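Positions are given from 1 along the sequence. Just follow the structure's listing: the first ligand is 1, and inside any ligand the first atom is 1. This is a predicted model, so every value here is computed, not measured.
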Amino acid sequence: MANGETERLGATEAGIARAVALLRAEDAVAFPTETVYGLGADARSDTAVARIYEAKRRPRFNPLIVHVASPAMAEQYGRLEGSALALAEAFWPGPLTLILPVRSSGGIGDLVTAGLETVGLRVPAAPVARRLLEAFGGPVAAPSANPSGRVSPTTAAHVLEGLEGRIPAVLDGGPCVVGVESTIVECNAVARVLRPGGVPSEALRRVLGDGLVEEGPGHPEQVTAPGQLASHYAPGKPVRLAAEAPRDGEVWLGFGPGRAHRGVNLSRQGDLSEAAAGLFAALRRLDAMDGAGIAVAPIPDVGLGVAINDRLRRAAAPRP
Ligand code: TXA
Ligand code: MG
């Protein structure tokens, strides 16, 4: 749907029912998860999934994450065995996506898997997402609900900033509590982190021990998840990382109790959970302020800091 009205649905029974009706009609609906807002469509319908790509203006070769209400439902679409099963038991529902061998009997479309033999599955924890998925009763493919290449949305207002008039509806569940996307883990003989996210590697390692291999921007020689372009999550202003202080004309993205400058502090207490939850909203606010660039304070590269630094590196990467 292009250039229509976008309905704002409350997180009520009527709002959920309307969102389910749109999903059943093979349309796309934005909905909240604990990580970011997703733009969802029935993963079994190529017609429905095509609407996601259309609304996002997203290149079609990126595979999409499929959201389901329970691990039992995930089993219908992917093979949940070995290390994947251990991770699902430890972290679902939650901000973890598992890349599993796809079951052809599940009917997940080729547009979702981008023709791969695997499918990304996740059981989100946010109550509104769970209610929606339970009421729909099927698999929902959903990338973040933003135009391709822009900062991910963590409120319904952010979704509308990017997609107003391009999607039929957004279900409003308030701000996302985690604030960075799910951790993506590919589970074969070994488990590999393809994208750092809401479940820190330290937590994965407590479950898998040495059965976990870490990849991504810190390990550029290795493959990362398809669609993980270097420049992503991009604000309009140039971004300068690990800065001691803003230079003339720059606005400041602070972390911790250091000196105050014009801009936003992600967490005065130096709390990484608080920083992750506010990261994308902060980038939007800084982008809207007067200034030629964004200078970013150093952020510790542990726990959720790894996902925060990953997103900031993408925000700072040269644009295509
Ligand atoms: O937190 C999240 O993960 C959010 C919410 C909405 O769930 N979704 C999200 O989706 O971040 P998206 O489309 O922005 O990122 C999905 C990434 C793709 O870029 C791709 O790298 C990876 O997931 N992916 C999906 N299916 C895959 C597969 N079969 N193999 C490898 N990577 C896959
Ligand atoms: Mg995204």
Side-chain angles (χ1 to χ4, degrees), residues 28-41 43 49 52-53 55-68 77-79 84 91-103 108-126 128-130 132-133 139-154 158-159 162-163 170-171 173 176-188 192-199 215-217 223-234 276 279-280 307 310-311 314-315:
V29 183
F31 68 99
T33 80
E34 70 275 27
T35 59
V36 301
Y37 274 69
L39 180 58
V49 173
I52 295 175
Y53 287 103
K56 281 182 66 87
R57 301 192 164 94
R58 179 177 177 147
R60 292 207 177 194
F61 43 78
N62 294 354
L64 301 179
I65 294 170
V66 175
H67 300 66
V68 290
Y77 306 107
R79 281 177 211 286
F91 299 108
W92 279 354
L96 176 70
T97 296
L98 296 172
I99 306 299
L100 305 175
V102 68
R103 283 188 205 276
I108 300 291
D110 279 347
L111 270 188
V112 172
T113 59
L116 299 170
E117 300 291 304
T118 54
V119 60
L121 281 158
R122 143 165 150 79
V123 180
V128 179
R130 295 178 62 76
L132 176 69
L133 292 167
V140 173
S144 50
N146 52 290
S148 198
R150 309 306 300 187
V151 176
S152 293
T154 53
H158 294 166
V159 173
L163 297 178
V170 56
L171 185 57
C176 302
V177 298
V178 174
V180 291
E181 293 87 345
S182 60
T183 302
I184 302 179
V185 180
E186 179 185 65
C187 301
N188 287 319
R192 296 169 194 277
V193 175
L194 301 188
R195 177 179 75 182
V199 176
E215 295 193 351
V223 293
T224 54
Q228 297 293 299
L229 307 177
S231 164
H232 212 107
Y233 312 101
L279 175 67
F280 291 141
D310 172 76
R311 304 309 186 269
R314 292 172 199 281

Region of L116 engaging ligand 1 - heavy atom pairs below 4.0 Å: side chain

Just heavy atoms, cut-off under 4.0 Å: does T113 contact ligand 1 by side chain, backbone, both, or neither? neither

Quick one: ring-ring contact (aromatic ring centres under 6.0 Å, His included) partners of H67, sequence neighbours excluded? F31

Given side chain to side chain contact (heavy atoms under 4.5 Å, CB included), test L98 with W92 step by step and report yes or no. CA-CA 10 Å; L98 296 172; W92 279 354; 3.6 Å; yes

Could you name the option among P63, G120, G179, P32 that has the heavy atom nearest to atom 24 (N) of ligand 1? P63

Polar proximity ligand 1 side, [X] side, N/O cut 3.5 Å exclusive:
X: T118; answer: yes
X: T35; answer: yes
X: N62; answer: no
X: R195; answer: yes
X: R122; answer: yes

Nearest heavy-atom neighbours spanning A84 and L100: CB-CD2, 3.5 Å

If you look at every heavy atom in P124 and P93, which pair is closest and at what distance? O-CB, 3.4 Å

I'd like to know if the Mg ion (ligand 2) has an N/O/S atom from N146 within less than 2.8 Å of it, counting both backbone and side-chain atoms. no

Show me which atoms of ligand 1 lie under 4.0 Å from any heavy atom of H67. 5 (C), 6 (C), 7 (O)

Please could you name the atoms of ligand 1 that I184 approaches to less than 4.0 Å, counting only its heavy atoms? 17 (C), 22 (C), 23 (O)

How long is the straight-line distance from CG of L121 back to OH of Y77, given to the nearest 0.5 Å? 9.0 Å

Please step through side chain to side chain donor-acceptor pair (under 3.5 Å) for the pair S144 and E181, ending with a clear verdict. CA-CA 8 Å; S144 50; E181 293 87 345; 4.7 Å; no

Begin with the C-alpha distance, continue with both residues' side-chain angles, and end with the deciding distance and a verdict on side chain to side chain contact (heavy atoms under 4.5 Å, CB included) for V123 and R130. CA-CA 8 Å; V123 180; R130 295 178 62 76; 3.7 Å; yes

Whether E34 and R122 form a salt bridge (side-chain N of Lys/Arg under 4.0 Å from carboxylate O of Asp/Glu) is what I want to check. yes

